[in-house]
Amino acid sequence: MQLLPGIYQLSGSLAGLGGDQILGPWDECNMYLIDSGSSCILIDAGNGENIDIIFKRMEMWGLDPNKISTLFLTHAHWDHAGGARLFKDRGVKILSSKETADSVASADHRCAGFLYHKEMIPVTVDRIVGDREVVTVDALEFEALHLPGHTLGCMAYLLTFNDQRILFSGDVIGTLGWGDFGWDGSVDFDKQRYIASLFKLQGIPFDVLLPGHGMGSYTDPVKRVNISLNQALIRWR
Ligand SMILES: [Zn+2]
């Protein structure tokens with residue numbers, strides 16, 4: 001579904017893909033697509049199991065799956081990166097943090113396949129991005145923000161598009177709404193670094209928040225960061 005002009009949500013429970021009775025909405029992430037006009041850029045790969053439905057949807061919306069050029073991974077968990085290898089095999093260029101690249105290459109427990117009773121398929125990232133590094137794709141500038149905690153490799157990507165600063169935040173803040181955090185069982189979960197990341201995110205202005213699960217925020221999204229920070233300080237200090 002189209003969220004904003006040129007920005008689509010391809011998957012996730014609110015898009016009708018993901019969510020079973022045991023795991024709730026966590027087995028498939030929100031994949032986002034940005035239509036640059038020249039190519040399609042993805043935020044996260046999803047778990048890979050819904051790829052045929054996703055491509056059919058893209059075609060219904062007039063988007064050509066063969067025009068996907070670039071995939072930014074927010075982190076290595078299976079529900080976000082399990083499908084990365086399918087895109088790699090189609091010639092899509094994959095970018096991530098160093099820690100995420102290492103996790104998905106080794107496909108080890110940091111990818112949390114065990115949580116879903118699934119095997120992570122290893123994949124090689126094409127370009128490693130560092131904190132505050134700006135990546136230009138089709139004249140669009142994506143700023144990478146390293147926000148470790150949920151995993152050590154968590155990256156958010158900040159894009160200015162149609163005069164709005166849009167933050168694709170992955171699982172960094174309470175992804176189901178107001179102060180509710182994602183899974184805190186990752187082998188590389190780190191409370192103190194998570195709190196530091198939320199303080200860091202508070203200082204970065206943006207207009208729209210598009211998280212890794214659940215609903216986006218289109219007005220005053222910093223409130224959601226504040227609430228997550230408050231919850232983190234109460235629960236994790
Ligand atoms: Zn996650």
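In each ligand, atom 1 is the first atom listed, and ligand 1 is the first ligand listed.
- Metal site remark for the Zn ion (ligand 1): Cys154 contributes no N, O or S atom at a distance under 2.8 Å.
- Applying the 6.0 Å contact sphere to NZ of Lys200 captures more than 12 heavy atoms from other residues, nucleotides or ligands.
- Screening Leu209, Leu210, Asp207, Ile166 for a side-chain contact (heavy atoms from CB on, under 4.5 Å) with Tyr218, the sole residue that qualifies is Leu210.
- When the Zn ion (ligand 1) is compared with the N/O/S atoms of His150, atom NE2 turns out nearest.
- Considering all non-hydrogen atoms of both residues, Glu28 and Leu17 come closest at CG-O, 3.5 Å.
- Geometry about the Zn ion (ligand 1) gives an angle of 170° between OD2 of Asp171 and ND1 of His77, rounded in steps of 10 degrees.
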**Study point:** Audit row: Asp102, Lys98, salt bridge (Lys or Arg N to Asp or Glu O under 4.0 Å) steps and yes/no
**Key:** CA-CA 6 Å; Asp102 188 52; Lys98 182 177 172 297; over 6 Å; no
